[in-house]
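Inspection log for the structure reproduced underneath, given as structure tokens.
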Amino acid sequence: MNDGAATLPDPATAEGHGVSFGEALRVWARVAALSFGGPAGQIAVMHRIVVDEKRWIGEKRFLHALNYCMLLPGPEAQQLAVYIGWLMHRTAGGLLAGLLFILPGFLSILALSYVYVLFGDTGVVEGLFFGLKAAVLAVVVQAVFRIGSRALVNPAMILLAAAAFVAIFAFKVPFPLIIVVAAIVGYLGSRSGSRLFRTAGGHAGAGANALKDEESLLGEATPAHARPHLVWSLKISAALLCLWLGPVATIWFFAGGNDVFTQVGAFFSKMAVVTFGGAYAALAYVAQEAVQHYGWLRPGEMLDGLGMAETTPGPLIMVLQFVGFLAAYRDPGGLDPLVAATLAAILTTWVTFVPCFLWIFLGAPFIEKLRGNAALSGALSAITAAVVGVILNLAVWFALHTLFGKVTVLAAGPLRLEVPVPSTLILPSALLAAAAAYALFRLKASVLLTLALSALAGMAWILATG
């Protein structure tokens, strides 16, 4: 890779594939504007535009990149955009794709956070989030089926997903350990040639007419800038590490370890490293830690934030911005609460997404080199299968705290099960969640329409009973 890998391309020119930087800007802006419906929907939109319409890259290359991004901590859809942007237009292309993917969601969640803290006690706003909360539960369940239909393609993958769910739900096994074990099992199983690990490959929209890599604009070969280059990797990694951890270290130096900004920066920096499996898996970890350990917000408020993220463009992980916002709003120190909350939202977004660029720019050249490696593909596929179990855990956790007013814990040795108290069932929430599930699964309604109708129903209920 030459030094030009990190320079900004001239918008008036194009790489060897013929796609100018200016055209890439327009395409990634379109992808960002249409990025609703969680990672499954965002990946589908990206696939339709980048593979089917623009024919930038082929089906196999898209899936290879996707499986690598599923391996990483953080939001896989945003990281996939960075990966493809980097493939097409070097470092500047990756930065462009990743930043555009974030910007609409950041601005939208920030605006909704203001509404939430200023007007959340009013009947209309309370009802809106009451309805969204129930619908989000149905959306997460739908995500389990969507991702599962793509990942659980053989008995081994089904078993891995089931084992991951039991491990995290019943025994509280850490996410990283689940991912490492799944990767090892997938790698060894694929390398052994066992029938249990054979996959047909493909995407939800793939088939006999899937675009072949050699027929895409990028072609089948690896571009010169995408080949491993140790010096460039060290330079870009050092720069991104400084950008990521520099602000956190500065805040800690001046404010100390007990300051809310230090805690927010440190916690979400740690989250960026240990939460594998994409947005839904990350949310399971954050929900447990932010609610149970730090006490920054209540379980219902985590669902309110997820409702915001589901109804706005951009990655679902933007809900973390809402968590940081509330943490500083309730503990602003000497600052105005809204000013403190805004700064914390910016800090949360910064430490959440800067690492995403680091993982791609550091690892993608080596992953590109390993395209076609069956054992590696097996490991990545196994990780994706385990993620299905992690997301199912998130769905169950949300269901317990959305549909019931009280949850208890049954413990026996390493076993720790959260079980609801049946008498505390919140019937209106259960009915709204069931209606949302019917709309999504039976009527095939869009996520946005389902969320909008659920919000209206929630407002009607609160106003009628309030």
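Because only heavy atoms are used, hydrogens play no part in the values below, and waters and symmetry mates are left out as well, while side chains stay in.
- When the options Ile236, Leu72, Leu240 are evaluated for a side chain to side chain contact (heavy atoms under 4.5 Å, CB included) with Leu358, the one that passes is Leu240.
- One distance of note links CZ of Arg30 with CG of Leu100; it measures 14.0 Å at 0.5 Å rounding.
- Ser192 and Gly189 make their closest contact through OG-O, 2.6 Å (heavy atoms, listed as atom of the first residue, atom of the second, distance).
- Using a 4.5 Å heavy-atom cutoff, the side chains of Val117 and Leu338 are in contact.
- Residue pairs satisfying the salt bridge (Lys or Arg N to Asp or Glu O under 4.0 Å) criterion with at least one member in residues 296-307, sequence neighbours excluded, are listed as follows: Lys133-Asp304, Arg298-Glu301, Glu301-Arg330.
- Between Ala344 and Phe261, the shortest heavy-atom contact is N-CE2, 3.6 Å.
- In this structure Ala266 satisfies the side-chain contact (heavy atoms from CB on, under 4.5 Å) test with no other residue, sequence neighbours excluded.
- Going from atom CD1 of Ile383 over to atom SG of Cys69 covers 12.0 Å, rounded to the nearest 0.5 Å.
- Without hydrogens or angle criteria, Gln321 side chain to Phe106 main chain gives a donor-acceptor distance under 3.5 Å.
- Taking CG of Leu63 as the start and CD1 of Ile57 as the end, the distance is 9.0 Å to the nearest 0.5 Å.
- In this pair, His401 and Trp397 present their aromatic rings tilted. The plane angle is within the 30 to 60° band.
- Note that the CH2 atom of Trp56 and the CG atom of Leu218 stand 10.5 Å from one another [nearest 0.5 Å].
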Before giving the answer on side chain to side chain contact (heavy atoms under 4.5 Å, CB included), spell out for Ile251 and Leu347 the whole-Å C-alpha distance, their side-chain angles and the decisive distance to 0.1 Å.
-> CA-CA 10 Å; Ile251 294 170; Leu347 176 63; 3.8 Å; yes
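- The shortest heavy-atom contact between Ile49 and Val27 is CG2-CG1, 3.9 Å.
- Side-chain contact annotation: His64 with Glu368, donor-acceptor N/O pair under 3.5 Å absent.
- A ring-centre distance under 6.0 Å is not found for His89 and His225.
- The side-chain heavy atoms of Gln78 and Ile102, taken from C-beta on, include a pair separated by under 4.5 Å.
- In this structure, the side chains of Ser108 and Pro313 come closer than 4.5 Å at one or more pairs of heavy atoms.
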List the steps and the verdict of side chain to side chain contact (heavy atoms under 4.5 Å, CB included) for Val354 and Leu241.
-> CA-CA 8 Å; Val354 171; Leu241 276 172; over 6 Å; no
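- The side-chain heavy atoms of Glu23 and Lys54, taken from C-beta on, include a pair separated by under 4.5 Å.
- No side-chain heavy atom of Tyr329 sits under 4.5 Å from any side-chain heavy atom of Ser113.
- Here Leu112 contributes atom CG and Thr312 contributes atom OG1; the two are 6.5 Å apart, rounded to the nearest 0.5 Å.
- For the atom pair Leu234 CG and Leu362 CG, the distance stands at 8.5 Å (nearest 0.5 Å).
- Distance alone, capped at 3.5 Å, places no donor-acceptor pair between the Arg61 side chain and the Ile84 backbone.
- Around atom CG of Asn258, no more than 12 heavy atoms belonging to other residues, nucleotides or ligands sit under 6.0 Å away.
- The closest donor-acceptor contact from the side chain of Gln42 to the backbone of Gly314 lies under 3.5 Å.
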For Leu99 and Phe357, run side chain to side chain contact (heavy atoms under 4.5 Å, CB included): C-alpha distance rounded to whole Å, both residues' side-chain angles, the deciding distance at 0.1 Å, then the answer.
-> CA-CA 10 Å; Leu99 291 173; Phe357 293 96; 4.1 Å; yes
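- Leu440 has its side chain out of reach of Val141: every pair of non-hydrogen atoms, C-beta onward, lies at least 4.5 Å apart.
- Proximity of Glu59 to Val51: side-chain heavy atoms (C-beta onward) are separated by under 4.5 Å at one or more points.
- Counting only distance, with no hydrogens or angles, the side chain of Gln79 and the backbone of Pro73 share a donor-acceptor pair below 3.5 Å.
- Applying the 6.0 Å contact sphere to NZ of Lys172 captures more than 12 heavy atoms from other residues, nucleotides or ligands.
- Residues forming a side-chain contact (heavy atoms from CB on, under 4.5 Å) with Phe171 (at least two apart in sequence, or on another chain): Val166, Val173, Pro414, Leu415.
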Run the numbers on Val388 and Val144 for side chain to side chain contact (heavy atoms under 4.5 Å, CB included), then give the verdict.
-> CA-CA 6 Å; Val388 175; Val144 175; 4.2 Å; yes
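- Closest heavy-atom contact between Pro104 and Ala32: CG-CB, 4.1 Å.
- In this structure, Ala379 and Ala183 approach most closely via the heavy-atom pair CB-O, 3.5 Å.
- The environment of CZ in Phe145 is sparse: at most 12 heavy-atom neighbours from other residues, nucleotides or ligands sit within 6.0 Å.
- Within 6.0 Å of CZ in Arg416 there are 12 or fewer heavy atoms belonging to other residues, nucleotides or ligands.
- Between Met308 and Val115, every side-chain heavy-atom pair lies at or beyond the 4.5 Å cut-off.
- Aromatic ring centres of Tyr116 and Phe325: separated by at least 6.0 Å.
- The shortest non-hydrogen separation linking Phe62 to Leu80 is CZ-CD2, 3.6 Å.
- In this structure, a donor-acceptor pair under 3.5 Å is absent between the side chains of Glu76 and Tyr83.
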